[in-house]
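Heads up: the structure comes next, in structure tokens.
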2 protein chains.
Amino acid sequence: MVVFAGQGDPRRSMSLLWRAEPERTRPGPKPALSVAEIVDAAIAVADTAGIAALSMRAVGERLGRTAMALYTYVPGKGELIDLMSDRVLAELPADYDLSAGWRPAVTAWANDLWVCYLRHPWLLQVSQARPVLGPGEHTMLESLLRVLRPTGVPARTLWRLAGTLSCFVRGSAQAVAETRQATATTGVGEDEWWYTRSALLEELAPDFDERFPTLSWMAGQEAFRNEDESVPYLEQEARETFEAGLGFLLDGIEATIAPRS
Amino acid sequence: MVVFAGQGDPRRSMSLLWRAEPERTRPGPKPALSVAEIVDAAIAVADTAGIAALSMRAVGERLGRTAMALYTYVPGKGELIDLMSDRVLAELPADYDLSAGWRPAVTAWANDLWVCYLRHPWLLQVSQARPVLGPGEHTMLESLLRVLRPTGVPARTLWRLAGTLSCFVRGSAQAVAETRQATATTGVGEDEWWYTRSALLEELAPDFDERFPTLSWMAGQEAFRNEDESVPYLEQEARETFEAGLGFLLDGIEATIAPRS
DNA sequence: GCCAACTCCTTATGGCGTAAACTAATCAAC
DNA sequence: GTTGATTAGTTTACGCCATAAGGAGTTGGC
């Protein structure tokens, strides 16, 4: 299930996103932790154990504290996830080389975002509905717009292009991320999984070929073979879909842009 | 967080997906419920209250039973979600009119899937990594392949096209779905939300225009105005991104297909 | 009539986020 | 110094969740 953003005081969340660290000359014990440290620990937990394992208890434990200790730094779990998302996006490059034209630059942007999603798959499970509006998110968008703006398309089109590209990268990264996560959490390898399932399919749906003629034609096409044995099949498949799809998309965009360049 | 598929006995899950209802002349009290009834109830819960509110208790309650009663029909929550997904996808059309060519047919397919996602937004939060392999999922894919196959592209390309289109529809439907869900769960309208946030942004990031020149240029472009006041802004925005993006994508695909038609 | 199979319930376990109340540390003002 | 306000961090507790275990009542075949 998608994780939603913090719903508490907006001022508090936004301050956390934009402010470095609060100044300190106040009574009370010195804080042993910092927001940054907590966010890092949370990212580490989510990266290694998945977002399902991201609990306040788990993050606290990693820092040698109780779950409740985190609440002095961060209003709640939702806000913590906002901070994680924005921090991870902030690591993306802010500028792309435009000397070879917009197309290689967009490709690089898409690739970087893709890699970021795969390095932090939990990011794909955080709702993007209400954007976090932190510096990281803005950087990601700014860098894409900076690449596309020189093509001279009108602002409205520019915005659509950015939206389309983001959607596509996100959608296709999800395919890979979920594949990996499924393997990790179930402990069942792809081959094994597929073998069991397809045998069952034959048994339970003996009329498969009549019901799904095109699918069964495709299955017989032998177009699917693992080129690189070291990469799981489904993952390789998804990676190629990403590359091919980006190609289709850029072709289409080129057709829109070309008339005016 | 993404909900994962059932991880129990694969035979059991697959039987549930493919078999209508088990034959019954066995001892024991007659079952008062059926798998189909449970799945319907679960879909109703998820549709109205979101997947976060989908608990075994909630589904049982809707049927006048306890949570544990469901476990006689369904191995667990994961498998129930599989059944829900597949059932919803099975409602999609199996065939599209090809008389006007592949392009309107693909557009119709994409639209239908999009509408399905928006009718059942929780579907977007169910991992697609390990496909459910039920009849519904196969129907959805079969109908797209049936549209694209007559273009004569090689099987491998066909597969990439299908993957790309699925990713894109899913990705962009997510944008709308999450927007709506955010409004529903937080109870804060878009305008209100945006107003508060942008005011805070100015206050907390006074150097915004220097850091994000392209974004701030865009914001000044006034390209963004709500044409239809009855539809929330972000949702309309996302819908247009979907339509425009599908256009770019189909243009690109057309370029790939054209040489051979 | 009896037994095995079955549905459905109650109860219990161990997780979760976080509210509330508390202890202990730290600084400013006196 | 001492005091009092302020803060960091703990413990405890509440109400959720999925589901394991075991028991009560129902039914068909023998």
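Protein chains get the first letters and strands the later ones, always in sequence-line order, with residue 1 at the start of each. Every value quoted in this text rests on a predicted model; they were computed, and no experiment measured them.
- Residues satisfying the side chain to side chain donor-acceptor pair (under 3.5 Å) test with B/R65, not counting sequence neighbours, are none.
- Distance alone, capped at 3.5 Å, places no donor-acceptor pair between the A/R87 side chain and the A/G136 backbone.
- Phosphate contact (OP1/OP2 of C/dC27, side-chain N/O of A/K30, threshold under 4.0 Å): present.
- As rounded to whole Å, 17 Å separates atom C1' of C/dA21 from atom OH of A/Y71.
- The residue A/L54 sits close only to the backbone: its heavy atoms come under 4.0 Å of sugar-phosphate atoms, none of a base.
- Side-chain to base pairing of A/R57 with C/dG17: one donor and one acceptor N or O lie within less than 3.5 Å of each other.
- Among the nucleotides C/dC16, D/dA18, D/dT27, the one closest to any side-chain atom of B/K77 is D/dA18.
- Distances shown here put a side-chain N or O of B/Y73 below 4.0 Å from the OP1 or OP2 atom of C/dC8.
- Between B/F212 and A/W18, the two ring planes are perpendicular [angle over 60°; tilted spans 30° to 60°].
- Interface residues of residues 58-68 of chain A facing DNA chain D, ordered by number: A/R65, A/T66, A/M68; criterion, heavy-atom separation under 4.0 Å.
- Taken over five-pair windows at either terminus, the axes of the helix from C/dG1-D/dC30 to C/dC30-D/dG1 are inclined to one another by 20° (rounded to 10 degrees).
- Using a 4.5 Å cut-off on side-chain heavy atoms (C-beta onward), B/F242 and B/V176 make no contact.
- With sequence neighbours left out, the side chain to side chain contact (heavy atoms under 4.5 Å, CB included) criterion links B/E61 to no other residue.
- Between A/I51 atom CD1 and C/dG15 atom P the separation is 20 Å, expressed in whole Å.
- Atom-to-atom, CG of B/L70 to P of D/dC17 comes out at 13 Å; the value is rounded to the nearest Å.
- At the phosphate of C/dC6, OP1 or OP2 sits under 4.0 Å from a side-chain N or O atom of B/R26.
- Distance CG (A/L80) to C1' (C/dG17): 12 Å, rounded to an integer number of Å.
- Atom CE of A/M56 and atom P of D/dG9 are 13 Å apart (whole Å).
- The side chain of B/P29 sits closest to C/dT7 out of D/dA18, C/dT7, D/dT7.
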Mind listing the side-chain donor-acceptor pairs of residues 201-209 of chain A below 3.5 Å, one per line with the distance, residues two or more places apart or on another chain?
unit_1	atom_1	unit_2	atom_2	d
A/E203	OE1	B/R11	NH2	2.5
A/E203	OE2	B/R11	NH2	2.6

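- For B/D47, the side chain to side chain donor-acceptor pair (under 3.5 Å) test picks out B/H120, B/W122, with sequence neighbours left out.
- Atom CZ of B/R12 has more than 12 heavy atoms from other residues, nucleotides or ligands within 6.0 Å.
- Residue contacts for B/A69: at a heavy-atom cut-off of 4.0 Å it reaches the sugar-phosphate backbone alone, with no base atom in range.
- Side chain to side chain, A/E237 and B/W159 meet the donor-acceptor criterion of an N or O pair below 3.5 Å.
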